[in-house]
Amino acid sequence: MQFCLDTAGTYYLRNSIVRGVHMNKQLTWKVGGAQGEGIDSTGEILATTLNRIGYYIFAYRHFMSLIKGGHTNYKIRISSEPVRYHGDDLQVLVAFDQLSINENLREMNADGVIIYDDKFQAELPEGSAVRLCPVPLTGIAKELGNVIIKNMVAAGASCRLLNLELQPFFEVVEEKFGSKGKDLIERNIKAIQQGYDYMKEHFADEMFQLPTAPQVDRPHLLMTGNEAVGLGALLAGCRFLAAYPITPATEILYWLLENMPNYGGKIVQAEDEIAACIMAIGANYAGVRAMTSTSGPGFSLMMEALGLAGISETPLVIVDVMRGGPSTGLPTKTEQSDINQATYGSHGEMPRIVLAPTTIEECFYYMIDAFNLAERYQCPVIVTSDLYLGMSKQSVDDLDMSRVVIDRGAVVTQEELDQRGQKTYPRYAVTESGISPRPFPGMPHGRFCALSNEHDDTGLEIEDTDGRVAQMDKRFRKLDTFNGGEHVSYKGPEQPDVVLVGFGSTTAQIAEAFAELSSTYSIGHLQIGCVYPFPTEAVRKILAHTKQIFVIENNKTGQLAQMLQQNVGMVDKVEAILKYNGNPFTVRDITTTVRG
Amino acid sequence: MQFCLDTAGTYYLRNSIVRGVHMNKQLTWKVGGAQGEGIDSTGEILATTLNRIGYYIFAYRHFMSLIKGGHTNYKIRISSEPVRYHGDDLQVLVAFDQLSINENLREMNADGVIIYDDKFQAELPEGSAVRLCPVPLTGIAKELGNVIIKNMVAAGASCRLLNLELQPFFEVVEEKFGSKGKDLIERNIKAIQQGYDYMKEHFADEMFQLPTAPQVDRPHLLMTGNEAVGLGALLAGCRFLAAYPITPATEILYWLLENMPNYGGKIVQAEDEIAACIMAIGANYAGVRAMTSTSGPGFSLMMEALGLAGISETPLVIVDVMRGGPSTGLPTKTEQSDINQATYGSHGEMPRIVLAPTTIEECFYYMIDAFNLAERYQCPVIVTSDLYLGMSKQSVDDLDMSRVVIDRGAVVTQEELDQRGQKTYPRYAVTESGISPRPFPGMPHGRFCALSNEHDDTGLEIEDTDGRVAQMDKRFRKLDTFNGGEHVSYKGPEQPDVVLVGFGSTTAQIAEAFAELSSTYSIGHLQIGCVYPFPTEAVRKILAHTKQIFVIENNKTGQLAQMLQQNVGMVDKVEAILKYNGNPFTVRDITTTVRG
Amino acid sequence: MAKVIDFKYDKPTWCPGCGDYTVLAAMQQACVGLGLEPEQVCCVSGIGCAGKIAQHFGGYGFHSLHGRSIPTATGIKLANQELVVIAAGGDGDGYGIGLGHSLHAMRRNIDITYIVMDNHIYGLTTGKLSPNSQKGFKTKTSPKGSAEDPIRPVEMAIVTGSSFVAQAFSGNVKQMVSIFEQGIKHKGFSLINVFSPCVTFNKVNTYDWFKEHIVNMDEDESFDPTNRMDALRRVHEVESVCTGVIYREERPAFHETMLGASETAGVHLDLDLAEEEMQSLIDQFRR
Amino acid sequence: MAKVIDFKYDKPTWCPGCGDYTVLAAMQQACVGLGLEPEQVCCVSGIGCAGKIAQHFGGYGFHSLHGRSIPTATGIKLANQELVVIAAGGDGDGYGIGLGHSLHAMRRNIDITYIVMDNHIYGLTTGKLSPNSQKGFKTKTSPKGSAEDPIRPVEMAIVTGSSFVAQAFSGNVKQMVSIFEQGIKHKGFSLINVFSPCVTFNKVNTYDWFKEHIVNMDEDESFDPTNRMDALRRVHEVESVCTGVIYREERPAFHETMLGASETAGVHLDLDLAEEEMQSLIDQFRR
Ligand SMILES: Cc1ncc(C[n+]2csc(CCOP(=O)(O)OP(=O)(O)O)c2C)c(N)n1
Ligand SMILES: Cc1ncc(C[n+]2csc(CCOP(=O)(O)OP(=O)(O)O)c2C)c(N)n1
Ligand code: SF4
Ligand code: SF4
Ligand SMILES: [Mg+2]
Ligand SMILES: [Mg+2]
């Protein structure tokens with residue numbers, strides 16, 4: 001077990017409400033509008049610049065399953081300390097339309113400010129204390145000759161409201177549009193400047209004061225969970241990806257498309273997820289570390305292939321970036337509802353490992369683990385990320401390169417094969433550890449047949465009882481030495497009365513709730529990063545003397561709670577805090593329930 | 001809860017060993033040889049005739065995944081009382097080759113007799129008391145001009161050994177080959193007669209005495225679980241089957257191919273299981289009761305479709321005749337290892353029902369339940385049979401026609417639609433029960449769109465939180481009124497010390513073990529016919545005061561035991577008796593473990 | 001008699017200018033033209049921008065899974081042959097993940113009309129390679145250009161037994177309506193591949209590009225769509241960029257010849273069997 | 001130099017007389033003829049009688065899932081282009097459940113040789129309709145005769161971009177060996193459809209039937225397998241019952257043109273990156 005959380009500084013802070021200059025240790029900002037209006041790029045420019053000048057940011061995208069129209073928004077939490085969650089509240093909203101106000105007002109603090117495009121008449125419910133700043137976003141953009149750069153005007157106006165210098169923004173713009181010509185750069189810079197100036201002129205005393213940015217020699221890493229997965233895979237030695245496009249997993253494909261070919265890696269956009277998964281199995285069999293990435297619908301299509309990897313003892317890494325289910329469900333919303341399928345899916349029984357990274361950093365580290373475990377245990381490893389983790393962008397302090405270790409497990413060498421000098425190699429030899437060394441096709445004297453049928457040691461199908469039991473037992477022995485407890489983290493007193501339990505992406509909000517509740521409760525925070533094999537020992541030890549267990553999950557049926565009950569017992573102490581409306585948890589979702 | 005077992009007479013009987021005429025309340029007979037040698041037809045002729053003259057039989061086929069060669073056998077247990085299991089022991093073996101002796105000797109009683117083809121020299125291990133009767137099976141057949149009818153010679157020899165009259169056999173032969181011409185009939189009859197005569201002449205004092213056959217006006221039903229599923233589906237009003245061939249589910253397809261078209265039903269051999277399942281969903285949506293039947297590999301391919309039925313609230317019946325897994329696994333061997341996937345498979349979450357018929361009769365009744373439940377709750381119902389239940393043949397007393405009731409659930413009438421007179425019908429209206437009436441396409445004023453996405457009441461996709469939660473909650477409310485306890489049976493004292501728990505096809509062996517153990521233990525037998533929603537209340541009540549629980553399952557990981565622990569707790573009291581070598585349980589497997 | 005408005009439901013959410021708008025309009029007009037009532041028509045789609053058409057079409061709808069419109073439609077048609085079943089979806093849906101289903105339905109000659117909105121790209125997943133993207137085509141998932149030959153849907157359909165094969169273009173609604181009407185009237189499987197430009201992500205195969213390249217076979221009097229070899233040859237010559245009815249043949253539909261084929265649609269069957277009927281089924285087993 | 005015995009492993013379990021025996025033998029002879037060593041060849045199969053070939057072939061083998069030999073083989077080839085990858089299986093496997101994969105691999109021109117043992121039936125599941133069973137064909141699952149048109153694998157393959165298309169017959173081993181050798185040597189996707197009679201379940205398409213009907217295109221000097229239209233026409237004329245090399249074209253294979261194409265096979269790559277290399281990858285994110 002290890003304590004891998006270091007979110008001490010990320011707990012929830014209530015800002016003092018002062019008109020004029022607001023003093024903040026951190027701040028939340030959001031831009032909202034219709035899809036296709038450049039909402040994302042507004043957010044991106046702010047996020048990038050803030051990260052570059054040393055702030056820690058966490059950015060969350062809300063979007064819809066259509067290409068144009070609908071409502072989309074991009075929220076950034078800005079802090080002088082690491083943050084892993086975009087915050088319950090909202091202080092600054094940039095609204096491109098009334099819908100953006102309607103959708104986001106309930107999140108806003110009483111001292112919040114809304115910058116909005118003055119081409120529409122903003123409406124607030126009666127009694128709202130939120131301050132309105134109409135700015136001619138479209139107007140200025142039009143004057144500059146391109147309506148789409150209203151997003152830059154908005155960025156400029158935001159700068160002024162946050163009392164930020166413009167120069168770093170200009171630099172980011174220059175880099176970003178460098179290839180697209182001077183004209184465009186200049187127009188964007190002008191847009192930013194004019195937005196800034198307009199704000200300064202018309203709303204001079206509206207201003208939030210950010211904390212001083214931490215001094216940094218070089219920017220923090222700014223990455224999404226999906227990018228971290230891609231980077232982790234590449235450094236883990238993955239050199240083959242087969243995938244079929246699907247939200248919210250596609251960025252993994254993008255990142256690897258850009259980077260893996262430089263290292264000799266190959267990428268196939270398969271015709272479907274069945275093919276994608278099986279191509280990855282074929283490549284792994286041939287000796288190349290290979291994976292597939294997908295989301296729920298695609299993952300469901302891989303169930304038969306999962307069993308193939310299991311019985312043929314072919315290493316396989318599947319990344320499932322979970323989204324709202326069931327079926328096509330809510331393609332653009334987050335959920336943690338696939339761990340049942342990851343754990344129990346596919347007919348019949350075979351060993352597997354299900355990892356659930358709990359932070360964006362862990363998306364990186366767990367991919368390295370995943371490839372090592374897949375080859376060490378010659379079985380499928382499923383990594384369940386989710387939309388929230390996968391698509392949110394975070395400032396990451398650094399990644400620990402020393403944890404990049406490649407362990408290819410039991411691979412037989414050509415020397416050993418030559419020494420044997422046999423035609424065939426007993427690839428499925430019944431060993432004590434259950435792990436049998438494997439040759440790669442192409443190696444002389446290593447011939448074997450990988451099989452989806454039950455088989456003998458060289459890969460001839462069998463139907464006899466003894467051979468069957470020997471192979472089943474062998475396969476299941478493999479995980480005897482696996483310790484899921486290494487992927488569990490706990491923070492809190494040794495014998496807490498109350499424990500908050502989560503898995504995967506809920507870490508940050510639970511950590512903030514934990515920090516807030518710690519003053520009144522004897523409380524602990526247990527975050528599970530491996531749901532199968534269930535880390536029963538580690539979890540039981542922590543929960544042994546607990547009076548109440550809150551299991552916090554982004555799903556409807558309490559899948560982790562059920563696993564807990566099944567493996568650890570404590571049926572009566574477990575209360576599930578569930579959310580399945582498509583959004584990630586807020587800190588308040590948790591604290592309110594715990595306070596009862 | 002109901003007591004649906006009536007296997008009182010089927011408990012295990014040790015036969016007194018007497019040379020010459022053996023007195024038996026029941027008897028076990030088996031024929032073994034290479035695939036393609038007519039093993040099955042030998043068994044079939046015996047089974048049919050014995051059933052016809054009033055005996056209760058249970059016949060079990062052992063076969064391999066190749067077309068010719070290998071070892072196959074056909075075992076029949078013959079009794080004057082109903083039997084649901086082919087028995088631990090073996091009294092008569094007809095061996096077409098030495099392999100058949102080797103493979104089956106360990107099953108034989110000390111007083112057993114082997115009839116074998118004298119074209120080979122039978123070998124027995126030293127000290128074996130089993131009696132050998134060489135008979136020129138091939139010799140006689142050849143003389144009759146066709147080597148293949150050695151199986152009839154074997155049947156004739158068996159008749160003599162069991163002291164049976166020949167006439168009924170001749171009748172069965174005549175019926176069976178009626179269409180194929182007199183010649184063939186006569187040759188077969190001759191073969192039977194000569195086998196009989198040879199036995200009589202050379203082994204006059206080898207004879208088993210069967211109990212008197214019960215008097216019957218008409219033969220018992222002689223059916224397999226797969227046939228019972230087919231019959232059940234047809235009587236339940238199923239009029240569409242889409243399936244892809246797979247062992248051991250294919251007989252369902254065969255039976256329905258033969259019978260369903262007579263009632264206007266349609267059958268498609270789909271291009272794969274994805275298509276099969278989705279065609280069935282399409283047909284159900286269009287208002288026709290429809291199903292698909294498959295086994296593990298096909299079932300895994302249906303996982304995405306399962307979610308489609310769930311979210312679109314389309315009734316769907318899937319029959320999964322389980323076989324040895326994982327992957328292609330052991331296609332010709334039995335296992336109960338798919339209930340995890342049936343319960344948890346498919347990404348995301350939606351209501352479903354998983355029924356596990358425990359007898360061949362229940363294969364029939366549960367199909368009627370399945371279609372009613374699927375339409376009542378507008379959700380997928382999975383019926384998990386297995387190879388053992390599906391392909392074994394049993395004498396069935398009768399089927400209760402009064403249990404054939406068709407309840408189509410909430411279907412809106414044309415009158416109601418006309419009264420509304422709207423263009424669109426709120427198919428997914430959020431009702432209190434969670435069940436919303438459905439129109440069938442073709443009905444005026446009933447327009448709606450079924451959706452795999454989350455949707456509003458008429459079937460427009462939505463991504464808003466409130467609508468989402470309303471629909472999720474609505475769907476999950478549907479099963480609030482479902483009582484899985486109706487599919488649980490218990491036999492034994494009210495507060496047993498020990499309980500034997502099983503699900504599905506293990507009933508008969510557990511019942512026999514229970515009967516045997518009842519004299520020494522305060523013991524009960526709990527058989528579960530619905531694994532999801534887990535019948536927690538019913539099970540908890542029975543197990544409340546139990547000291548020890550043995551969960552008996554044909555799988556490696558104890559899937560039912562895990563469900564029990566998850567839902568009922570009692571982690572420490574549960575011991576799993578597991579078997580995953582491809583064979584069904586023997587009674588001794590259970591009694592030995594319980595006795596410890 | 002139903003009007004176009006009766007075949008409308010809700011406002012589509014496609015990007016302004018998307019080719020799918022006119023496909024929907026043409027479907028609606030064709031239904032009206034054929035004198036159909038909304039309840040007689042069932043539109044079955046897969047997932048993708050194109051797939052949203054089932055929600056917006058005023059008849060019954062089933063917005064099924066990605067790539068699975070064809071088996072869904074097959075089940076519906078065989079359950080109720082009285083329904084006019086129109087399957088519709090994107091090129092990824094029908095020629096990528098769903099390719100196998102499409103082809104098997106063709107050789108079975110299932111009596112449905114399959115309208116593929118072929119924009120040579122994955123629209124909904126924001127601009128990725130489709131199986132019908134041209135070789136060398138650059139997308140987010142083919143940054144250096146596609147290395148795959150595109151599917152040739154029309155040739156494939158002719159070869160595999162689609163008994164009606166046509167192409168239309170979103171920029172020519174009149175022809176599209178006429179082709180839809182013919183396809184719907186045709187008994188058996190009708191594949192109608194529609195060039196339906198994705199104005200957001202496909203900057204190569206635009207309206208203008210299609211206008212410039214399309215050969216209209218309907219206007220070629222020398223062309224005989226009942227001549228299989230000729231159809232194959234011509235389509236290959238123009239690299240598939242043509243519109244019009246390209247191939248047609250008369251062949252019984254699957255629901256007419258399959259085992260259990262009957263006049264009565266399954267949905268109208270009386271499911272309650274007489275006691276004796278049940279008994280005789282059960283008595284089969286007294287063998 | 002390897003001999004035929006080196007390409008053998010274990011005794012096959014097919015029924016006596018099954019066409020698959022000579023397919024295996026021809027594969028072994030072709031490998032020897034091409035001077036290959038067993039470890040250089042990987043045979044990938046699906047499930048079915050035909051699929052058992054991977055177990056019995058003396059090179060590396062992968063007996064994968066029903067219908068999934070092609071994606072398995074694709075993964076293997078792209079991971080190690082140095083291997084000779086032969087996919088093999090039944091007609092149900094390749095043209096039924098696996099049809100989509102087969103066609104997509106063809107248009108990608110994956111450099112594998114795909115040998116389909118086409119017995120027009122499902123053998124292993126004891127005699128059921130296959131997608132290539134003839135119309136009207138009676139099986140256990142089509143008791144009144146099939147109502148479906150069969151797949152036309154050769155035409156489909158030509159149209160879809162298989163760069164080498166041939167047919168062989170289990171009853172003509174010499175021709176089969178020659179075709180296998182050509183197919184394996186061919187760079188790109190080679191479909192070789194072999195009429196491999198199922199002596200147990202198919203009593204129509206027997207050795208004799210094939211002998212009587214097969215037209216041997218290799219013997220027709222007027223036939224030019226590089227002429228696409230001509231190939232299509234001729235195959236259709238003889239209702240697909242012909243043997244020989246039917247179509248071939250030169251086109252780069254996928255592993256040569258795909259993103260990341262390189263001379264070094266994936267399996268030989270050094271996975272340990274230098275510290276600076278890693279750091280520069282990470283530094284990408286300091287944006
Ligand atoms: C099984 C599965 N895989 C992937 C997806 C994601 N997905 C949704 S639409 C789509 C492709 C759409 O392309 P196309 O069919 O051409 O339709 P278009 O959007 O271009 O109209 C994909 C890959 C999905 N919904 N389901
Ligand atoms: C997903 C799945 N569905 C069904 C099966 C059962 N199955 C095994 S082989 C086979 C068909 C074999 O036919 P074919 O591919 O033509 O090979 P043949 O036996 O004729 O050589 C089927 C349906 C399976 N193994 N997996
Ligand atoms: S993304 Fe393309 S296909 Fe999708 S709606 Fe927009 S224009 Fe149409
Ligand atoms: S059943 Fe047919 S295909 Fe299978 S081994 Fe026998 S002859 Fe060959
Ligand atoms: Mg498209
Ligand atoms: Mg076949």
Ser64(D) versus Leu308(A): any side-chain heavy-atom pair under 4.5 Å? yes

When the 4.5 angstrom heavy-atom criterion is applied to Thr49(A) and chain D, the contacting part is neither

So what's closer than 4.5 Å to chain D heavy atoms on Leu257(A): side chain, backbone, both or neither? both

Heavy-atom nearest pair, Lys423(A) first then Ile5(D), reads NZ-O, 2.7 Å

Mind checking whether Phe57(D) and Cys449(A) have side chains closer than 4.5 Å, heavy atoms only? no

Tell me, side chain or backbone of Glu275(D) under 4.5 Å from chain A's heavy atoms, or both, or neither? side chain

With a 4.0 Å cut-off, would you call Glu271(A) and Arg107(D) a salt bridge? no

Under 4.5 Å, counting heavy-atom pairs only, tell me which of Val405(A), Ile311(A), Asp272(A), Asn284(A) racks up the most with chain D. Asp272(A)

Are Tyr9(D) and Thr458(A) close enough that a side-chain donor and a side-chain acceptor fall under 3.5 Å? yes

Can you list the steps and then say if Arg287(D) with Glu171(A) is a salt bridge (charged side-chain N to carboxylate O under 4.0 Å, His left out)? CA-CA 11 Å; Arg287(D) 35 194 170 191; Glu171(A) 282 166 23; over 6 Å; no

Closest non-hydrogen contact found for Gly282(A) with Ile76(D) is O-CG1, 3.3 Å

Counting only heavy atoms closer than 4.5 Å, note whether His101(D) contacts chain A via side chain, backbone, both or neither. both

From the list Lys77(D), Lys8(D), His268(D), Glu82(D), the residue making the most non-hydrogen contacts under 4.5 Å with chain A is Lys8(D)

Heavy atoms only, distances under 4.5 angstrom: which of Ala275(A), Gly287(A), Gly237(A), Gly442(A) has the most pairs with chain D? Name it, please. Gly442(A)

Name the member of Arg408(A), Met279(A), Glu227(A), Arg447(A) that forms the most heavy-atom pairs with chain D at distances under 4.5 Å. Arg447(A)

Please identify, among Asp10(D), Leu103(D), Asp270(D), Thr74(D), the residue contributing the most non-hydrogen atom pairs under 4.5 Å to chain A. Asp10(D)

Under 4.5 Å from a heavy atom of chain D, the part of Ser312(A) involved: side chain

Pairs of heavy atoms under 4.5 Å with chain A: top-ranked of Glu37(D), Met278(D), Gln40(D), His255(D): Met278(D)

Please state whether the side chain, the backbone, both or neither of Ile70(D) comes within less than 4.5 Å of a heavy atom of chain A. neither

Using the ring of each side chain (for Trp, its six-membered ring), is Tyr60(D) parallel, tilted or perpendicular to Phe448(A), with breaks at 30° and 60°? perpendicular

Proximal component of Tyr285(A), with respect to chain D [non-hydrogen, under 4.5 Å]: side chain

I would like to know whether Val404(A) and Asp272(D) meet side chain to side chain contact (heavy atoms under 4.5 Å, CB included); could you show each step before the answer? CA-CA 9 Å; Val404(A) 181; Asp272(D) 289 309; over 6 Å; no

Taking Arg427(A), Met223(A), Arg289(A) one by one, which has the highest count of heavy-atom pairs under 4.5 Å against chain D? Met223(A)

Go through the atoms of Leu78(D) and report whether side chain, backbone, both or neither lie under 4.5 Å from a heavy atom of chain A. both

Ranking Val41(D), Leu83(D), Val44(D), Thr13(D) by heavy-atom pairs under 4.5 Å to chain A gives rank one to Leu83(D)

Check whether any side-chain heavy atom of His63(D) lies under 4.5 Å from a side-chain heavy atom of Glu461(A), and answer yes or no. yes

Among His445(A), Lys266(A), Met401(A), Arg239(A), which residue has the highest count of heavy-atom pairs closer than 4.5 Å to chain D? Lys266(A)

Which bit of Lys52(D) is near chain A, if near means a heavy-atom gap under 4.5 Å: side chain, backbone, both or neither? side chain

Can you tell if the side chain of Phe285(D) reaches within under 4.5 Å of the side chain of His220(A), non-hydrogen atoms only? no

Can you name the closest pair of heavy atoms from Tyr263(A) and Leu269(D) and give their distance? O-CD1, 3.6 Å

Residue among Ile274(A), Leu399(A), Val268(A) with most heavy-atom pairs under 4.5 Å to chain D: Ile274(A)

With only heavy atoms counted, which part of Ala261(D) is less than 4.5 Å from chain A, the side chain, the backbone, both or neither? backbone

Is any side-chain heavy atom of Thr72(D) less than 4.5 Å from a side-chain heavy atom of Ile281(A)? no

With the threshold set at 4.0 Å, does a side-chain nitrogen-carboxylate oxygen contact exist between Asp398(A) and Arg286(D)? yes

What part of Ser395(A) gets within 4.5 angstrom of chain D, counting heavy atoms only: side chain, backbone, both, or neither? neither

For the residue pair Asn259(A) / Gln284(D), report whether a side-chain donor-acceptor contact shorter than 3.5 Å exists. yes

Cut-off 4.5 Å, heavy atoms of chain D, and the answer for Leu231(A) is side chain

Any side-chain heavy-atom pair from Leu259(D) and Met260(A) closer than 4.5 angstrom? no

For chain A, which of Pro38(D), Gly61(D), Ala79(D), Gly100(D) has the most heavy-atom pairs under 4.5 Å? Gly61(D)

Is Lys393(A) close to chain D through its backbone or its side chain, or both, or neither, when contacts mean heavy atoms under 4.5 Å? side chain

Does any heavy atom of chain A fall under 4.5 Å from the side chain of Ile282(D), the backbone, both, or neither of them? both

With the side chain counted from C-beta on, respond yes when Pro441(A) and Asn80(D) share a heavy-atom pair under 4.5 Å apart, and no when they do not. no

